[in-house]
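Some notes on the structure that comes next.
Below, each value reflects all heavy atoms present in this structure, side chains not excepted, and no hydrogens, waters or symmetry copies.
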Amino acid sequence: MKNSQNLYDVSNEVDIIDFLVDNNAMIKDFSRSQLSWFFVGESFHVILYLAEGDKPKFERFIIDRFAENMNDMIHLWNHFDKRIQNCQETRVLKLAKNKVHDLIAMSETFRALFNREDFEEE
């Protein structure tokens with residue numbers, strides 16, 4: 001998923017695992033799907049461990065300057081919503097979708113925190 005210059009789906013599991021270890025958030029239970037999310041500077045990272053399906057896997061989505069890029073946040077929210085509608089990993093995807101929704105709702109607060117007046121219009 002690279003429909004925008006600010007939204008990245010990082011599929012390299014080694015990079016994702018390194019990121020989790022670096023942030024002291026490596027999962028310990030590989031028997032169930034899990035969600036992790038982080039702020040790194042002004043970037044928002046969503047990491048999913050998807051245990052269901054044929055092969056367990058990690059996925060990471062990154063939105064740079066997330067407080068300003070509401071179109072990308074909405075795109076990510078819609079991405080999770082479509083996957084939920086297709087009955088894929090619904091529990092963990094609902095958690096991810098809700099986290100993105102919370103950040104969208106708080107975007108003005110984050111823009112103020114980062115001292116940003118300019119932002120991408122919806």
- side-chain hydrogen bond (donor to acceptor under 3.5 Å, both in side chains) partners of Lys82, counting only residues at least two apart: none
Are any of the side-chain heavy atoms of [X] and [Y] separated by less than 4.5 Å?
X: Glu42; Y: Glu68; answer: yes
X: Lys99; Y: Val46; answer: no
X: Leu93; Y: Leu48; answer: yes
X: Phe66; Y: Val100; answer: no

- Query: Which class fits the ring pair Phe44 and Phe39: parallel under 30°, tilted 30 to 60°, perpendicular over 60°?
  - Reply: tilted
[X] side, atom [atom1]; [Y] side, atom [atom2] - distance, nearest 0.5 Å:
X: Met26; Y: Asp18; atom1: CE; atom2: CG; answer: 9.5 Å
X: Asp102; Y: Met73; atom1: CG; atom2: CE; answer: 9.5 Å
X: Ile16; Y: Leu20; atom1: CD1; atom2: CG; answer: 8.0 Å
X: Ile104; Y: Asp72; atom1: CD1; atom2: CG; answer: 10.5 Å

- Following the transitive rule for hydrophobic clusters with a side-chain heavy-atom cut-off under 4.5 Å over Ile, Leu, Val, Met, Phe, Trp and Tyr, establish whether Val21 and Phe19 coincide in one cluster. yes
May I ask you to decide if [Y]'s main-chain N or O and [X]'s side chain share a donor-acceptor pair within less than 3.5 Å?
X: Gln34; Y: Asp29; value: yes
X: Asn98; Y: Lys94; value: yes
X: Asn69; Y: Asp64; value: yes

- Note on the structure: Between Ala51 and Ser33 the two heavy atoms that sit nearest each other are N-OG, 2.9 Å
- Those residues that, when tested against Tyr49, pass ring pair (Phe, Tyr, Trp, His ring centres under 6.0 Å) (two or more places apart): Phe30, Phe58
- Pick one: which of His79, His75, His45 meets ring pair (Phe, Tyr, Trp, His ring centres under 6.0 Å) with Phe61? His79
- Only one of Thr90, Ile84, Asn78 forms a side-chain contact (heavy atoms from CB on, under 4.5 Å) with Lys97, so which one is it? Ile84
- Message: Taking side-chain contact (heavy atoms from CB on, under 4.5 Å) as the criterion, tell me which of Val92, Ile47, Leu50, Ile27 meets it with Leu35.
- Response: Val92
- Electrostatic pair Glu52-Arg91, nearest N-O below 4.0 angstrom: no
